[in-house]
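What follows is one structure encoded as structure tokens, with my remarks underneath.
Values in this document were obtained by computation on a predicted structure and should not be read as measured data. In listed order, ligands and their atoms are each counted from 1.
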Amino acid sequence: MSYTNLLVYSENGITTITINRPKKLNALNQDTIQELHLAFKAADNDNNTKAIIITGSGEKAFVAGADISEFADFDVEEGTHLAANGQKILFDFVENLSTPVIAAINGFALGGGLELAMACHFRVASDNAKMGLPEVSLGVIPGYGGTQRLTQLVGKGRAMEMIMTAGMIDANKALGYGLVNHVVPQNELLDLCDTIATKITRNSSTAISAAIKAVNANFKEGLNGYQTEIIEFGNCFGTNDFKEGTSAFLEKRKANFLGN
Ligand code: COA
């Protein structure tokens with residue numbers, strides 16, 4: 001499938017999705033959000049894809065936010081729909097994918113850009129990256145899950161300060177906050193993400209999707225994380241991957257997981 005605002009490339013079990021609107025610093029307009037939904041869905045449904053990397057094109061920005069030009073005239077109803085629809089088709093959708101998603105933050109990750117990175121399962125940043133939720137400087141608040149996910153990732157006090165000041169933090173501060181897992185020079189960013197993704201592709205994809213569900217359950221209203229873990233743990237015993245993984249260990253050979 002071809003996209004107007006995305007580049008999608010798959011190799012060795014890894015699909016890399018690049019948001020490609022560099023002149024607008026990869027700002028998320030509605031078309032791009034829709035295309036991202038389709039690209040993530042296609043990658044998740046592709047049995048050959050074991051990990052997904054999302055990044056931005058150019059050297060300056062991952063994503064500089066939601067496209068401000070699209071919502072400047074919105075009223076209350078349209079604003080509510082914008083947040084609800086975006087959360088549903090992209091941000092919650094990505095968080096709940098069964099395929100692991102790594103955000104490769106190659107520059108500015110602001111507003112909806114940081115929200116997208118935070119919806120991914122974890123984040124790696126280049127040393128020039130700058131992150132923030134500047135929405136209150138526009139008279140609005142983060143609407144794509146940012147108030148919740150930033151609080152989960154960095155704690156309430158740091159999240160409150162970042163949101164209230166609308167300021168940006170640099171990559172090393174984000175590393176100290178636990179917002180990103182690694183910081184590397186920009187020209188090493190995709191290589192490091194590929195290396196991490198390759199390690200993931202060697203493991204059981206059925207077990208990894210069970211782990212995603214169990215970890216996410218801790219943050220979902222009405223779901224008990226420990227209970228979800230018990231159920232997902234038990235379900236693993238019914239998979240061929242479990243039989244293969246345990247047999248391979250006992251037979252002192254490398255497991256060959258088929259993801260079922
Ligand atoms: N929405 C729409 N367009 C955006 C955008 C956004 N969130 N962020 C950047 N752009 C556009 C600019 O309007 C500009 O377009 P133009 O060349 O047609 O005028 C282009 O991208 C380049 O941005 P510019 O502001 O000239 O780059 P800069 O290097 O001077 O500044 C930023 C970079 C990221 C600091 C600045 O673009 C910015 O503050 N963007 C908005 C960030 C934001 O508030 N995001 C949250 C939205 S809810």
Residue, atom and distance of the protein heavy atom nearest atom 5 (C) of ligand 1 read Ala27 CB, 4.0 Å

For Leu110, counting its heavy atoms only, list the atoms of ligand 1 lying under 4.0 Å from any of them.
-> 34 (C), 42 (C)

Is there side-chain contact between Ile102 and Ile196, with at least one heavy-atom pair below 4.5 Å?
-> yes

Could you check atom 42 (C) of ligand 1 against the protein and tell me its nearest heavy-atom contact, residue, atom and distance included?
-> Ala64 O, 3.4 Å

Check if Pro134 has a non-hydrogen atom at a distance under 4.0 Å from any atom of ligand 1.
-> yes

Please state which protein non-hydrogen atom is closest to atom 31 (O) of ligand 1 and give its distance, to 0.1 Å?
-> Leu25 CD1, 4.5 Å

Identified side chain to side chain donor-acceptor pair (under 3.5 Å) partner of Arg21 from the options Asp67, Thr4, Asp31 = Asp67

State the atoms of ligand 1, each with its element, that fall below the 4.0 Å cut-off from a heavy-atom position in Asp67.
-> 1 (N), 2 (C)

Does the N or O separation between Ile68 and ligand 1 drop below 3.5 Å for any pair?
-> yes

Taking atom 16 (P) of ligand 1 as the reference point, report whether a protein heavy atom occurs under 4.0 Å from it.
-> yes

Candidate with minimal heavy-atom separation from atom 7 (N) of ligand 1, of Pro22, Ala66, Ser137, Ala166 = Ala66

Given Glu115, Lys24, Glu135, which one has a non-hydrogen atom that is nearest to atom 18 (O) of ligand 1?
-> Lys24

Which of the numbered atoms in ligand 1 are below 4.0 angstrom from a heavy atom of Lys60?
-> 27 (O), 28 (P), 29 (O)

Is_contact(atom 23 (O) of ligand 1), protein non-hydrogen, under 4.0 Å | yes

Going by distance only, is there an N or O of Phe71 that falls short of 3.5 Å from an N or O of ligand 1?
-> no

Atom indices of ligand 1, in the order listed, that fall short of 4.0 Å to a heavy atom of Lys23 = 20 (C), 21 (O), 22 (C)

Worked check of side-chain contact (heavy atoms from CB on, under 4.5 Å) between Met1 and Leu38 | CA-CA 9 Å; Met1 180 152 179; Leu38 295 175; 3.8 Å; yes

